[in-house]
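Values in this document were obtained by computation on a predicted structure and should not be read as measured data. The figures here come from the full heavy-atom set of this structure, side chains too, leaving out hydrogens, waters and symmetry mates.
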Amino acid sequence: MIGTIFLLFFYISSSSYTYASLTLCRPDQRDALLEFKSEFNDEGIQGAWTSFCVTSSPKRKSWENNTDCCYWDGITCDANSGLPPWPFQTQQQSFQTAISPSLNLAYNDFNASSIPTRINELMGLQRLDLSYTSFSGKIPTEILHLTKLVSLDLSSIFMYPQTLSSPGKPFLSQLAQNLTNLRQLDLSHVNLSSEIPQVMMSNLTSLRSIRLHDCNLFGKFPRLSPTIRSIDLSVNPNLESSLPEFDVLTCFNCKFTGKIPFSIGNLSHLNILDLGYNNLAGEVPSSFQNLNRMTDLFLVNNKLSGKIPTALFNLTKLSVLKLASNQFTGTLPLNITSLSNLNVFHAASNSFVGTIPSTFFNIPSLVSLDLGDNQFSGPLEIGNISSMSKLQSLDLSKQSHRSNPYIHIQISQPSIPTSISKLVSLVSLDLSYFNIRGPLDIGIFWHLKSLQQLTLSHINTTTSIDLNAVLSLPLKSLYILDLSGSHVAVENTSSVSTVSSQQLENVYLSGCGITVFPELIRSLQYIFIIDLSNNNIKGQVPAWLWRVATNVNLSNNTISGFKEFPKDLFSRRAIKTLYLSNNNFSKEIPRSIFLNLANNHLSGKLADIFANECILRSLNVGHNQLVGELPRSLLDCSSLEVLNMEHNRINDTFPFWLESLPNLHILVLRSNEFHGSLQYHPKVASFYPQLRIIDISHNDFTGTLPSDLFMYWQAMHSERDGSQLEYIGQGPYYHDSIVLMNKGIEMEYTMILTIFTSIDISGNRLQGIIPGSIGQVKAVIVLNLSSNGFVGNIPSSLANLNQLESLDLSHNKLSGHIPPDLGQWTSLSTIRVSHNKLVGVIPTSTQFQTQNASGFEDNLGMMIRRLHNKRRMIKKKC
């Protein structure tokens, strides 16, 4: 149903007003509203906007032809004109002020309808707000006829799949030429795919506020009009320029480069400045001292360096100061207490040295302090903490050691300061990688009754951390406990029967030297994540684990089986992620949403266990000894995204019967005993419609490739710019990984971007020509057709593959010349056409001339040509 119309009011100024209930709607006005209503779909996406207070309730049902429109739900009329006025009024309110003509349909669900083209008939409109309405399609150019507009808002929600888009590249220029009265413009999340024309800034002389957040903008940033007071161009990573010097700017992730200009100090009215996630370098200018109204300053994720200027600590109104992920050096100033209103101070991931000033803990307003991942040394001095401390989040971890374990921990002291126990408001505490020259006193956490997250990972102590003692702390709000990498002692005794916090949902015990399953955890009602990977656990998985857990990681242990496998494991409340790789399993194969049983000792056939509303999203049983055919019940797994059967002994034909799976992104059948022809005529319009990675290499497929094979793989047809990075199988705990041949070597992709595409059919017995339809897969990055029996010419349509980085056609029977058009490739880094029957010269482009000579060898008619920067020469064989 169409969403409720909260506001649909066209106001005509009048000198006298009465209650709306006294006026009848004119027939022409009623008909206009009914025609406007008929423009929208009654069917479509339902509930997509519920979480954002966008409604699809049935108020529109009151809009009937035989009733007075002044009494329709969501409509209020003007007593004199009969036209619905602005603003919204109840019948208990009278109209006191004249407001210009406005139409506000914000926060209503129009079910992916298009904006009506007849909107241009509202010629007197001055304010148009269609934000968060689920409109889709192209913006009608008729909207540019509303020349009296002073405010236009067409913004949307970033996660909505069907958003508005530009009707064409000149749209912004046309907007600037027609809507010259605009003061406010918001097109956030509209796909403009355009540059910002300079005429837009020069024509819109009244513009005060502009928001073009996440609009797929590119090109150079234009010179701004001095009238602009607020601008948001964030999340347009292809927009390039230096930071403008004289404008109020809220722009994160804009690829701004250069230094922060000294003239920024002229913006004395600034309250909030967000320049995060750019490439700004150099020191923070001392002119910041002039920004004495500043309350929030975000400089995170840049390349800023030098010491923190003392000027920042003169901004006494600062409430939020975030400097994380830069290259700041030196010591932290002692006069931090001058920022008496500071709530948040984040300076993690820099190169600060010296000791952490104890004065931080004396700021009465401080709520969050993050100093992790720096180069502090010496003991941690917290000092005398007021019992009234408001500090809720404290992070003093050394996170970089997770990626580089050879950096020595520098904060070293006999124990964690007992004064931490006075921080009774703490909700989150992270002390990872502390170097304690003694035992860890668990008792210091006893009084932190508000603690919800406790991270003590990779703590270096002289004794083990007693897990039972930690779980027995009276921390009833604790829901995340991370002891990964620390030496943990687990004793399954009857002395402690329950965990104090029944809120505990996430338990991380990876790499803790544990040898048994911690029985104490079984007393919990529910665990969202339990990570017991990289330990020395032996024996069988206990039955209680299935009752309490949802996401389980047991990889890299020596577990051999399951004590009990419940029948209701297949329910939607059961295991969603089950990671069991690198153990000693030999038979049972459970099912879950994400199931990884790679690198075990599984043998026999893979049973047909996936029927009955299968909710499996990822199945990886690679590197086992499975035989037989693929289970046909996989066809019922409509949510399946990843199927990895590599390195087994599966004996089957190609699974054409999986063609209609709507979400299958990755199909890996490498190194099995698959056989037969790849000739097939799909019964559906889309054949593997979402497939992005297919690896059927090193099997026994025979015959020729269908001429239209590559025409069906639609997900590989469109090039993607990668401005918004997403990962296949990404979730709160699990992500898919895969090993693929790329550039002649095996590469492990621990996280797989949705923009990554690969085709590998090497190592089979395929013959015939390479079909020209291969030019359709324009998004493919890795293409490997080597070690087959392909004949004929290299298809010139390969030149369409502009994203190609690796091409391997070696060890075939290809003949003729290398098509000259292939020299236009700019992304190619590896090409192999050796061991064929090619003739002629190697293209002279840089991509070809910088290749290793071995990539062209053993082609009888290939003419001698020395490759740039290579010592070897291809020799003509006679």
Side-chain angles (χ1 to χ4, degrees), residues 161 550-552 569-581 589-598 602 605-624 626 628-648 650 652-670 672 674 680 682-696 699 712-716 726-740 749 751-760:
T550 298
N551 299 283
V552 180
L569 187 67
F570 301 159
S571 71
R572 295 186 182 272
R573 172 75 201 296
I575 297 292
K576 293 183 177 179
T577 302
L578 184 56
Y579 218 124
L580 299 171
S581 59
I589 301 180
R591 186 190 67 173
S592 60
I593 290 183
F594 294 96
L595 180 56
N596 189 328
L597 279 162
L602 298 172
K605 294 183 178 181
L606 191 58
D608 255 321
I609 60 174
F610 303 106
N612 302 323
E613 297 184 1
C614 168
I615 56 175
L616 193 70
R617 286 182 59 191
S618 178
L619 176 62
N620 185 351
V621 291
H623 295 273
N624 284 285
L626 296 171
E629 298 182 344
L630 290 178
R632 268 36 180 185
S633 58
L634 283 171
L635 186 58
D636 294 324
C637 300
S638 60
S639 299
L640 192 65
E641 297 179 3
V642 178
L643 178 60
N644 189 345
M645 311 294 298
E646 66 180 342
H647 290 279
N648 280 282
I650 304 293
D652 202 349
T653 56
F654 186 85
F656 295 110
W657 44 273
L658 290 176
E659 65 182 354
S660 60
L661 288 183
N663 299 300
L664 189 64
H665 296 303
I666 299 177
L667 177 63
V668 179
L669 307 177
R670 176 172 52 165
N672 276 279
F674 285 94
Y680 181 69
K683 300 176 182 179
V684 293
S686 293
F687 176 63
Y688 289 105
Q690 294 299 322
L691 197 64
R692 290 178 170 84
I693 297 175
I694 180 170
D695 185 348
I696 58 173
N699 281 284
Y712 294 101
W713 297 345
Q714 295 180 0
M716 300 188 194
E726 298 177 353
Y727 295 94
I728 295 175
Q730 188 173 11
Y733 178 58
Y734 180 86
H735 57 78
D736 285 293
S737 61
I738 197 171
V739 175
L740 296 172
Y749 296 84
M751 299 181 73
I752 310 166
L753 288 168
T754 55
I755 62 172
F756 184 81
T757 52
S758 173
I759 299 174
D760 190 345

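Shown here for Ser758 and Met716, the closest heavy-atom pair between the two residues is O-CE, 4.2 Å. Considering every non-hydrogen atom in both Gly628 and Lys605, the closest pair reads CA-CG, 4.2 Å. Minimum heavy-atom separation, Ser639 to Asn663: CA-ND2, 3.9 Å. For Leu667 against Leu669, the heavy-atom pair with the smallest separation is CD1-CD2, 3.9 Å.
Under a 3.5 Å cut-off, the side chain of Asp636 and the backbone N or O of Leu634 do not form any donor-acceptor pair. Side-chain atoms of Asn648 do not come within 3.5 Å of backbone N or O of Asn672 as any donor-acceptor pair. In this structure, Asn624 contributes its side chain and Leu626 its backbone to no donor-acceptor pair below 3.5 Å.
Going from atom CD1 of Ile693 over to atom CD1 of Ile759 covers 11.0 Å, rounded to the nearest 0.5 Å. Once rounded to the nearest 0.5 Å, the distance linking CZ of Arg692 with NE2 of His665 reads 5.5 Å. Here the OG-CG distance, from Ser638 to Leu664, works out to 11.5 Å after rounding to the nearest 0.5 Å. Annotation: the span from Thr757 atom OG1 to Ile666 atom CD1 amounts to 11.5 Å, rounded to 0.5 Å. Note that the CZ atom of Arg670 and the CG atom of Asn644 stand 8.0 Å from one another [nearest 0.5 Å].
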Quick one, Leu643 with Leu658, criterion side chain to side chain contact (heavy atoms under 4.5 Å, CB included). Give me CA distance, side-chain angles, the key distance, then yes/no. CA-CA 11 Å; Leu643 178 60; Leu658 290 176; 3.9 Å; yes

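Counting heavy atoms from C-beta on, the side chains of Val621 and Met645 come closer than 4.5 Å.
Looking at residues two or more places apart in sequence or on another chain, you find no side chain to side chain donor-acceptor pair (under 3.5 Å) involving Asn699. Judged as a side chain to side chain contact (heavy atoms under 4.5 Å, CB included), and not counting sequence neighbours, the contacts of Asp652 are Glu629, Leu630, Arg632, Ile650, Phe674.
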